[in-house]
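Every chain is numbered from 1 and lettered A, B, ... according to where its sequence line falls, protein lines coming before strand lines.
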Amino acid sequence: DIVMTQSPDSLAVSLGERATINCKSSQSVLYSSNNKNYLTWYQQKPGQPPKLLIYWASTRESGVADRFSGSGSGTDFTLTISSLQAEDVAVYYCQQHYILPCTFGQGTKLEI
Amino acid sequence: QVQLTQSGGEVKKPGASVKVSCKASGYTFSSYAITWVRQAPGQGLEWMGWISAYSGHTNHAQKLQGRVTMTTDTSTRTAYMELRSLRSDDTAVYYCARGRGSSWSAMFDYWGQGTLVTVSS
């Protein structure tokens, strides 16, 4: 199985500041035939299901605020929130769908 | 609009079975896969498996081998996940999610509200 490791486990950032969450996969999730990274980011707020934020490592889902961005390729990925808002408090998960079984990172708890 | 509506919470005794339903609306059911994900209390997300709503083809996590069955009923646009021989560590919120595509390899763009399954004697 591909192991997804996020860092840090938790993060406290001031309002308006930048938040950066890292995700490392135990093997590449880049499919050379289409040059796509099979890496997705989700946001989960307490008591809610996860919400799709970023797919193909860097494509923002429709309706997601443009302060959210994703980058990286191969095995190393980053989710960046450029200017933290109060409503961004949540747990963030990366997930690969390159090889079965799909696997999630352990989550990063983002606080103010 | 796309919606996935799950059945209500369940309390089961160890060794029993549970069947969670996920009713889809707002899209062509057979064109997308359904994935099941669970989350134990205070823990992260765990992929359980997926089913093609078109072909019925499924694949599930190795650790659930022999205990889980995923099915769909295209006439009612409903997906089901049955878990047998329940143990206390199966206590979790169970989510269904739509995969953006007909195969297992997809991002999950719509999620059900979750179903809490509690296993306790």
Any idea which heavy atoms bring [X] and [Y] closest together, and the distance?
X        : Y        : value
A:Tyr93  : B:Gly44  : OH-CA, 3.5 Å
A:Phe104 : B:Phe108 : CZ-CE1, 4.2 Å
B:Ser105 : A:His97  : OG-O, 2.6 Å

Proximal component of B:Ala106, with respect to chain A [non-hydrogen, under 4.5 Å]: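 Just its backbone gets close to chain A.
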Please classify the contact of B:Val37 with chain A as side chain, backbone, both or neither, using a heavy-atom distance under 4.5 Å.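 Side chain only.
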Tell me if the NZ atom of B:Lys23 is crowded by more than 12 foreign heavy atoms within 6.0 Å.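 Above 12, so yes.
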Considering only heavy atoms from C-beta outward, does the side chain of [X] approach that of [Y] to under 4.5 Å?
X        : Y       : answer
A:Pro50  : B:Leu45 : yes
B:Asp109 : A:Tyr55 : no
A:Asp1   : B:Gln62 : no

For the candidates B:Trp50, B:Tyr110, B:Trp111, which exhibits the highest count of non-hydrogen atom pairs separated by less than 4.5 Å from chain A?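 So the answer, after comparing B:Trp50, B:Tyr110, B:Trp111, is B:Trp111.
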Which bit of [X] comes within less than 4.5 Å of chain B, counting heavy atoms only: side chain, backbone, both or neither?
X       : value
A:Ile99 : backbone
A:Tyr98 : backbone
A:Gln96 : neither

In Å and rounded to the nearest 0.5 Å, what is the [atom1] to [atom2] distance from [X] to [Y]?
X       : Y        : atom1 : atom2 : answer
A:Trp56 : B:Met107 : CH2   : CE    : 4.0 Å
A:Glu61 : B:Arg100 : CD    : CZ    : 4.0 Å
B:Tyr95 : A:Gln44  : OH    : CD    : 4.5 Å

Treating Ile, Leu, Val, Met, Phe, Trp and Tyr as nodes and any side-chain heavy-atom pair under 4.5 angstrom as an edge, say whether [X] and [Y] lie in one connected cluster.
X        : Y        : answer
A:Leu110 : A:Val89  : yes
A:Val64  : A:Trp41  : yes
B:Val93  : B:Trp36  : no
B:Val11  : B:Val117 : no
B:Ile34  : B:Trp47  : no

Look at A:Val91, A:Thr40, A:Leu39, A:Leu100 and state which one has the largest set of heavy-atom pairs under 4.5 Å with chain B.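 Heavy-atom pairs under 4.5 Å are most numerous for A:Leu100.
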Top of A:Gly107, A:Gly105, A:Cys102 for chain B proximity - count of heavy-atom pairs under 4.5 angstrom: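 Option with the top pair count is A:Cys102.
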